[in-house]
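Working notes, beginning with the structure itself.
Order of listing sets the numbers, starting from 1, for every ligand and every atom in it. All residue numbers refer to positions in the sequence shown, counting from 1.
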Amino acid sequence: MARKVILDVDPGIDDALALCIALFHPELDVTAVTAVGGNVSAAQATSNVQAILEHLDPPRLPRVGAAADPEGGLPVDGRYLCGVDGLGGIGITVAERQHLLPSEKVICDQVRAAPHQITIVALGPLTNIARAFARDPELPGLVGQIVIMGGTLNSPGNITPTAEFNIYCDPTAARKVFRSHSTKVLVPLDVTNRLELSYDVFNLLPDETNPVGWFLRQILPPAFRNYRQQLGLEGIHVHDTVTLMSLLYPSLFTMRSMPGDVEILGELTQGMTVFDRRRVPAWRHNMEVAVDMKKDEVIERIVQGLQKAAE
Ligand code: RIB
Ligand code: CA
């Protein structure tokens with residue numbers, strides 16, 4: 001039986017890569033894709049989700065949720081790695097705009113329709129999930145689990161010295177989700193930064209006669225270019241796809257139960273994820289955190305997933 005998932009995304013090239021795998025994976029039933037502002041504005045993220053779904057045309061079309069920026073707006077501009085439109089500037093647009101419900105409403109409706117069965121894969125800021133919990137206070141106990149790409153354990157941040165991008169974009173929302181009585185898995189930068197896709201991946205992609213192959217060959221070159229120019233790297237991180245792999249292939253990841261929280265006020269530490277690792281922690285254990293992965297096998301699964309998407 002395929003696992004029901006909601007993908008909450010701020011596409012974002014690495015979100016788009018994760019979508020290419022998830023939408024065609026036989027073990028997943030993507031019931032909804034909900035847009036959230038982060039890498040790009042809420043409006044751009046919503047447009048990108050629709051354009052990606054229109055182009056990829058998956059066998060089962062998911063519900064789509066519209067993003068709205070967090071109160072006070074987004075604190076950062078993530079386009080330095082994803083390009084002006086968030087998808088490498090390739091300019092795919094939406095042919096047929098639909099009337100969309102807000103992402104948090106779609107999340108509430110989907111979870112209520114299938115209590116304890118839905119996994120939310122949170123690949124952007126946690127704005128929508130916090131809003132869904134505020135809209136329906138019983139929701140945390142009705143979600144199957146939330147798998148979150150975000151935070152750091154011991155690594156430096158990637159948007160400030162102490163904070164990872166998704167958490168930093170909306171630390172108040174992240175704290176609400178961390179403190180909620182939902183079942184959570186966190187995949188932090190400590191793990192996702194260890195995997196870089198090299199240019200060799202182009203030899204393994206589906207060819208461009210296939211919609212997935214064409215799309216990947218459009219969005220990946222700008223990603224490699226931006227990673228080289230901005231970070232001096234010859235490869236690209238695929239944080240969101242690694243996070244999706246932790247859901248699909250948990251045996252490839254080492255998890256540890258931890259009490260985690262989010263700094264929301266610190267002048268230098270806003271958005272920092274903090275874990276109580278004292279010998280006798282005072283905080284409640286509230287999540288499983290990925291602390292290691294079998295990197296080479298994860299890369300193999302990512303390539304397999306991209307190839308399977310084109311079958
Ligand atoms: O820090 C990496 C995360 O921030 C990824 O999800 C990326 O897409 C951005 O949302
Ligand atoms: Ca993302």
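- Of all the atoms in ligand 1, the ones that sit under 4.0 Å from a non-hydrogen atom of Leu123 are 6 (O), 10 (O).
- Close approach to Asp15 involves these atoms of ligand 1, each under 4.0 Å from a residue heavy atom: 8 (O).
- Less than 4.0 angstrom separates some heavy atom of Met149 from each of these atoms of ligand 1: 2 (C), 3 (C), 5 (C), 6 (O).
- The line from CD1 of Ile236 to CG of Leu17 is 6.5 Å long, rounded to the nearest 0.5 Å.
- By the criterion of a heavy-atom distance under 4.0 Å, the side chain of Asn158, and not its backbone, is placed next to ligand 1.
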Assess whether side chain to side chain contact (heavy atoms under 4.5 Å, CB included) is satisfied between Leu81 and Ile13, documenting all intermediate values.
CA-CA 8 Å; Leu81 283 180; Ile13 292 173; over 6 Å; no

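- Screening Val106, Thr34, Val49 for a side-chain contact (heavy atoms from CB on, under 4.5 Å) involving Val64 leaves a single residue, Val49.
- Metal site remark for the Ca ion (ligand 2): Leu123 contributes an N, O or S atom at a distance under 3.0 Å.
- Protein heavy atom at the shortest distance from atom 5 (C) of ligand 1 is Asp240 OD1, 3.4 Å.
- Near Phe165, the atoms of ligand 1 lying under 4.0 angstrom from a non-hydrogen atom of the residue are 1 (O), 4 (O), 9 (C), 10 (O).
- Here Asp207 does not pair with Arg217 in a salt bridge; the nearest charged N to carboxylate O distance is not below 4.0 Å.
- Residue Val30 comes nearest to Pro62 through the heavy atom pair O-CB, 3.2 Å, listed as atom of the first residue, atom of the second, then distance.
- Nearest to atom 10 (O) of ligand 1 among the protein's heavy atoms is Asn166 OD1, 2.7 Å.
- Only the side chain of Asn39 comes within contact range of ligand 1, with a heavy atom under 4.0 Å; no backbone atom does.
- Using a 4.0 Å cut-off to heavy atoms of His239, the atoms of ligand 1 that qualify are 2 (C).
- Atom 8 (O) of ligand 1 has as its closest protein heavy atom Asp14 OD1, 2.5 Å.
- Using a cutoff of 4.0 Å between basic side-chain nitrogens and carboxylate oxygens, Glu234 and Arg228 are scored as salt-bridged.
- Contact of the His237 side chain with the Leu233 side chain is registered, since non-hydrogen atoms from C-beta on lie closer than 4.5 Å.
- Distance check, rounded to the nearest 0.5 Å: CG of Asn166 to CG of Leu189 gives 8.5 Å.
- Counted within 6.0 Å of NZ on Lys176, heavy atoms from surrounding residues, nucleotides or ligands total 12 or fewer; the atom is thus considered open.
- Considering only non-hydrogen protein atoms, atom 1 (O) of ligand 1 sits nearest to Glu164 OE2, 2.5 Å.
- The Ca ion (ligand 2) is closest to atom OD2 of Asp240 (considering only N, O or S atoms).
- Distance check for Asp10 against the Ca ion (ligand 2): an N/O/S atom falls below 3.0 Å.
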